[in-house]
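For reference, the structure discussed in these notes is given below.
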Number of protein chains: 2
Amino acid sequence: MSLPHALLTSLLEQPCSGMDLARRFGRSIGFFWPATHQQIYKELGKLEAAGWVRSSAEEGARGRKRCYEVLPAGEQELKRWVAETDEPPPLRDALMVRLRAEAALGTGAGVENDLLHRLARHRTQLALYENIEQRDFTGRELSAAEQLQYLILQSGLATEREHIRFCEKALVLLETLETAGV
Amino acid sequence: MSLPHALLTSLLEQPCSGMDLARRFGRSIGFFWPATHQQIYKELGKLEAAGWVRSSAEEGARGRKRCYEVLPAGEQELKRWVAETDEPPPLRDALMVRLRAEAALGTGAGVENDLLHRLARHRTQLALYENIEQRDFTGRELSAAEQLQYLILQSGLATEREHIRFCEKALVLLETLETAGV
DNA sequence: CCAGACATGTAAATTGTTACATGATTGT
DNA sequence: ACAATCATGTAACAATTTACATGTCTGG
C-alpha cells in the first residue's frame with residue numbers, strides 16, 4: 001500500500017490540509033494513486049500517530065482547517081520506502097474480459113459500446129496530459145525534479161496513446177469480422 | 001466487478017471445476033483479471049445460487065471434484081453484461097509514487113532498485129506472451145474467436161513493451177541526473 | 001444571522017488477500 | 001494403511017468506495 005507514502009511525498013512538496021491534498025491528488029499524484037478525501041483523512045491520522053507528520057491544530061477540531069507538514073522521521077521513512085521494490089501492479093480490465101466473452105459467445109454481443117466509450121475517455125485524458133505537458137514542461141530548462149515529473153507524465157501520455165491505438169484496432173477488427181460474418 | 005462474468009466466460013469456453021478455473025485463470029483470463037481460488041469458490045457459489053451455472057455434485061461435498069457448466073440464464077446474463085460500459089480502470093502504480101518521491105527528496109534515494117526489478121519482471125512477462133503468440137497465433141488461419149483472443153494478447157504485448165521502454169528511459173535519466181549532480 | 005460552501009470526519013458495504021482447515025484421491 | 005497431493009472451503013484482515021454526518025467560515 002502506497003497511500004501513506006504518496007501523502008508524505010505530496011506534503012513534502014508542499015505542506016497543506018487534508019482537503020488541499022484531496023484536491024491536489026486529483027491533479028497530480030492521483031493520476032497514479034487515486035484517493036478520496038475519506039481515505040486521506042484516515043491515513044493522515046495514522047501518519048500523525050506514527051510521528052511522521054504533525055498538524056497545526058489541536059485534536060478534535062472538527063471543521064477547522066489544519067495544516068500538515070512532514071517531520072524528519074517521516075522523511076526518513078519515505079527514503080527507506082523509495083529504495084524498496086514492489087511487484088508490478090496486476091492488470092485488471094473488464095474490457096478484456098468483455099472481448100473474451102464476445103469471442104466465447106461468438107456473436108455481435110456489443111463490446112463496441114465499451115470500446116467507443118473508452119476511446120472517448122482515453123482521448124479526453126490524453127488531451128488533459130498534453131495540456132499539462134504544454135503548460136509545465138515545454139519551452140524552458142527543467143530542473144532535475146521537473147525532469148522526473150515530466151518522465152512520469154510521459155508514462156501517462158504513452159499509456160493513453162496505447163489504449164487509443166488498441167481501441168481503434170479492436171473496432172476495426174470487429175467491423176471486419178461482422179461484415180465477413182454476414 | 002467482473003469476476004462473475006470472467007468465470008461465466010471461462011466456463012462457457014470449457015466447463016470445469018473450481019480448481020481448474022483457478023489454474024486456467026493463471027494462464028489466460030487471469031492475465032487481465034487475476035483471481036485466487038478462494039475468490040473463485042465463493043463466486044461460483046453465488047453464480048449457482050443465481051441460477052447462472054449448475055454443478056455436477058450435491059451440496060456440501062467438500063473435497064470432491066464438481067464440474068460447473070453455464071446455464072442458458074447465465075449466457076443471457078453474460079450477453080447483457082458485454083453490452084454494458086465501464087470506466088477505464090484507474091491506474092495505481094507505486095513506482096510512479098516512488099519516482100515522484102525521489103524527485104521530492106531531491107537525492108539518489110534508490111528508485112533504481114524498483115526500476116531494475118520491474119524491468120526484469122516485464123521482460124519475463126513479455127517473453128511469456130511472445131511464447132504464447134508463437135505457439136497459438138502464428139503460421140495459420142485464425143478463426144474469428146481466435147482473432148479476438150490474439151487482439152487481447154497483443155494488448156498485453158504492447159503494454160509490456162511500453163513498460164520496458166519506460167523503465168529503460170527512467171534508468172537512463174537517473175544516470176544522467178546523478179552524474180550531473182556529482 | 002443565516003444560507004451555502006468549505007473542511008473534517010464516521011459508518012457500512014464491497015472487494016480482495018492471507019492464512020488456515022478439512023475432506024477426498026492416489027501412489028507405494 | 002499412510003503420506004502426499006488435490007480439491008474445496010472458512011475466517012480474519014486490509015483497502016477502497018459510497019453514503020452520510022457534523023462543525024466552521026463567509027457573503028449578503
Side-chain angles (χ1 to χ4, degrees), chain A residues 1-7 10-11 15-26 29-50 53-68 81 86-94 97, chain B residues 1-7 10-11 15-26 29-50 53-68 81 86-94 97:
Chain A
M1 217 25 40
S2 311
L3 180 55
H5 301 95
L7 292 174
S10 202
L11 286 175
C16 66
S17 72
M19 187 53 62
D20 290 337
L21 274 175
R23 270 194 288 268
R24 277 164 53 195
F25 260 58
I29 285 197
F31 291 143
F32 300 101
W33 203 278
T36 60
H37 76 263
Q38 293 89 334
Q39 265 180 289
I40 290 172
Y41 284 124
K42 204 187 304 179
E43 200 62 45
L44 281 173
K46 290 185 198 167
L47 293 184
E48 189 159 24
V53 303
R54 81 187 165 82
S55 71
S56 59
E58 66 287 358
E59 302 291 316
R62 190 174 193 148
R64 267 227 302 302
K65 192 164 189 163
R66 45 202 299 191
C67 181
Y68 287 88
W81 175 82
D86 270 311
E87 294 312 305
L91 297 187
R92 194 169 262 139
D93 191 341
V97 179
Chain B
M1 213 24 39
S2 312
L3 180 55
H5 302 95
L7 292 174
S10 201
L11 286 175
C16 66
S17 72
M19 186 54 62
D20 290 337
L21 275 174
R23 270 193 289 267
R24 278 165 50 196
F25 260 58
I29 286 197
F31 292 142
F32 301 100
W33 204 279
T36 60
H37 75 262
Q38 293 90 333
Q39 266 181 289
I40 290 172
Y41 284 124
K42 205 187 304 178
E43 200 61 45
L44 281 173
K46 290 185 199 167
L47 293 184
E48 190 160 24
V53 304
R54 78 187 166 84
S55 72
S56 59
E58 67 288 357
E59 301 291 315
R62 188 174 194 147
R64 265 225 303 301
K65 192 164 189 163
R66 44 201 301 189
C67 181
Y68 287 87
W81 175 82
D86 269 312
E87 294 313 304
L91 296 186
R92 195 168 262 137
D93 191 343
V97 180

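Below, chains carry the letters A, B, ... as their sequence lines are ordered, and counting in each starts from 1. Atoms considered below: every heavy atom in the structure, side chains included; atoms not considered: hydrogens, waters and symmetry mates. In this text, all values refer to a predicted model and were calculated from it rather than measured experimentally.
- A straight line from NZ of B/Lys46 to P of D/dG9 spans 14 Å, rounded to a whole angstrom.
- Atom-to-atom, CE of A/Met1 to P of D/dT17 comes out at 11 Å; the value is rounded to the nearest Å.
- Other residues, nucleotides and ligands place no more than 12 heavy atoms under 6.0 Å from the CZ atom of B/Arg54.
- Positionally, the nearest nucleotide of DNA chain D for B/Asp20 lies more toward the 5' end than for the other of B/Asp20 and A/Trp33.
- Here the nucleotide nearest the side chain of B/His37, chosen from C/dG16, D/dT8, D/dT16, is D/dT8.
- Along DNA chain D, the nucleotide nearest B/Arg92 and the nucleotide nearest B/Cys67 are compared for position; the residue whose nucleotide lies closer to the 5' end is B/Cys67.
- Dense packing is recorded around CZ of A/Arg92, with more than 12 heavy atoms of other residues, nucleotides or ligands lying under 6.0 Å away.
- Distances were taken from every side-chain heavy atom of A/Gln38 (C-beta onward) to each of D/dA19, D/dA7, C/dG16; the shortest belongs to D/dA19.
- The interatomic distance linking A/Gln39 (CD) with C/dA12 (P) rounds to 18 Å, in whole Å.
- An OP1 or OP2 oxygen of D/dA7 is reached within less than 4.0 angstrom by a side-chain nitrogen or oxygen of B/Arg23.
- For A/Arg66 and A/Ser17, the side-chain atoms include no donor-acceptor pair closer than 3.5 Å.
- One finds no side-chain N or O of B/Tyr41 lying less than 4.0 angstrom from the OP1 or OP2 phosphate oxygen of D/dG9.
- Looking at heavy-atom distances under 4.0 Å, B/Met19 makes contact with a base.
- Between the P atom of D/dA19 and the NZ atom of A/Lys42 lies a distance of 16 Å, rounded to the nearest Å.
- Atom C1' of nucleotide C/dG16 and atom CG of B/Leu3 are separated by 10 Å, given to the nearest angstrom.
- For D/dT8, one of the phosphate oxygens OP1 or OP2 lies less than 4.0 angstrom from a side-chain nitrogen or oxygen of B/Ser17.
- For the pair A/Arg66 and C/dG9, the criterion of a side-chain N or O lying under 4.0 Å from OP1 or OP2 is met.
- Between A/Trp33 and A/His5 there is no side-chain heavy-atom pair separated by less than 4.5 Å.
- Between the P atom of C/dT17 and the CD atom of A/Glu87 lies a distance of 13 Å, rounded to the nearest Å.
- Residues meeting the salt bridge (Lys or Arg N to Asp or Glu O under 4.0 Å) test with A/Asp93, sequence neighbours left out: A/Arg118.
- The distance from atom NZ of B/Lys65 to atom C1' of C/dT22 is 18 Å, rounded to the nearest whole Å.
- With rounding to whole Å, A/Glu43 atom CD is found 15 Å from C/dG9 atom C1'.
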